[in-house]
Amino acid sequence: MPRQYTQRAFIGGNLANAEDWNGETSTAASELNGQLDQNNMPLAAVDDPKMQDPVVVVDVDNTLLSHTFIAHSYMPTQSYHISEFSDADPTDLTFETTTFNPDDWRRAWHRLAEKRISTIGGIDTYAGSELQFQAQEGMIVGEILFDASWRTSYWSWIATSNAGSFNGSSSRDDAFIEVGVFINDVCCARTDYQWLGGRFTYHLPFSSPIGTTPVLIDIRFRLKFDNVNQPVSGGGIVYSITENWINPFQVRDSQIWARNVYR
């Protein structure tokens, strides 16, 4: 439904100045008569260059082992971009996951692109972890998908007392993750810390103003693991740790989608 704008001045009491009502309805009549488009703009404002078909550029399209896909669609007033690394079958246990072992963890943000690299034809691509394109001044809006799993870690121990000894274990489930979206190294969206004891999928929308400049959008995350629940000897019982198991952090599907709306 097109917008209609009042065209005459108002006087006290919100009453309109006396005027021929035909003047107020002329805008709608002009549209019906084919003189204006649905945005109340003259039809001459819509010409062939503004009705061009999208130009699609596919950087990566590999579906042999996984869905590895990077593509761009350019139009006169906007462009769309996608970078995806996923598996069509979510129950496929042979699907390639990206693993961050405990030795890889640090306090700062981890870039998913550090390990999510697909080499196709001898060229490293970063499908599902980063997205690059030439932006035009305006806004970037989009969303990321981040499918990750972090299983519960545990202690295995032997408890010894005067009554003898027995084996046992304790879970260590205080694991938290924060996912963020960075545009040219500036964080524009984040989840805050979320508890992660199993497999979860996060959808994180983002938006940011942008100038006419090359753009790199990438997914990053932070891990927080509290080393708790270790059995403490006391009360005549001595605990001996036999295994200190910390599960790795794994990423399965991931995707970045972005729309650049030109100013």
What is the ring orientation for F146 with Y202, classed by angle as parallel under 30°, tilted 30 to 60°, or perpendicular over 60°? tilted
Nearest 0.5 Å please: distance from the CG atom of L145 over to the CZ atom of F85. 13.0 Å
Under a 4.5 Å side-chain heavy-atom rule over Ile, Leu, Val, Met, Phe, Trp and Tyr, are I82 and I140 clustered together? no
Is the shortest side-chain heavy-atom distance between Q136 and T77 below 4.5 Å? no
Classify the angle between the aromatic ring planes of F221 and F100 as parallel (below 30°), tilted (30 to 60°) or perpendicular (above 60°). perpendicular
Side chain of S79, backbone of S73: donor and acceptor closer than 3.5 Å? no
Can you tell if the side chain of T99 reaches within under 4.5 Å of the side chain of F249, non-hydrogen atoms only? no
Is the closest side-chain heavy-atom distance between E84 and W257 below 4.5 Å? no
Is any side-chain heavy atom of F206 closer than 4.5 Å to one of I217? yes
Between R111 and D185, is there a side-chain N and carboxylate O pair less than 4.0 Å apart? no
Going by heavy atoms in the side chains, are V215 and N260 under 4.5 Å from each other? no
Do F225 and W109 sit in the same hydrophobic cluster, where Ile, Leu, Val, Met, Phe, Trp and Tyr count as joined when their side-chain heavy atoms come under 4.5 Å apart? no
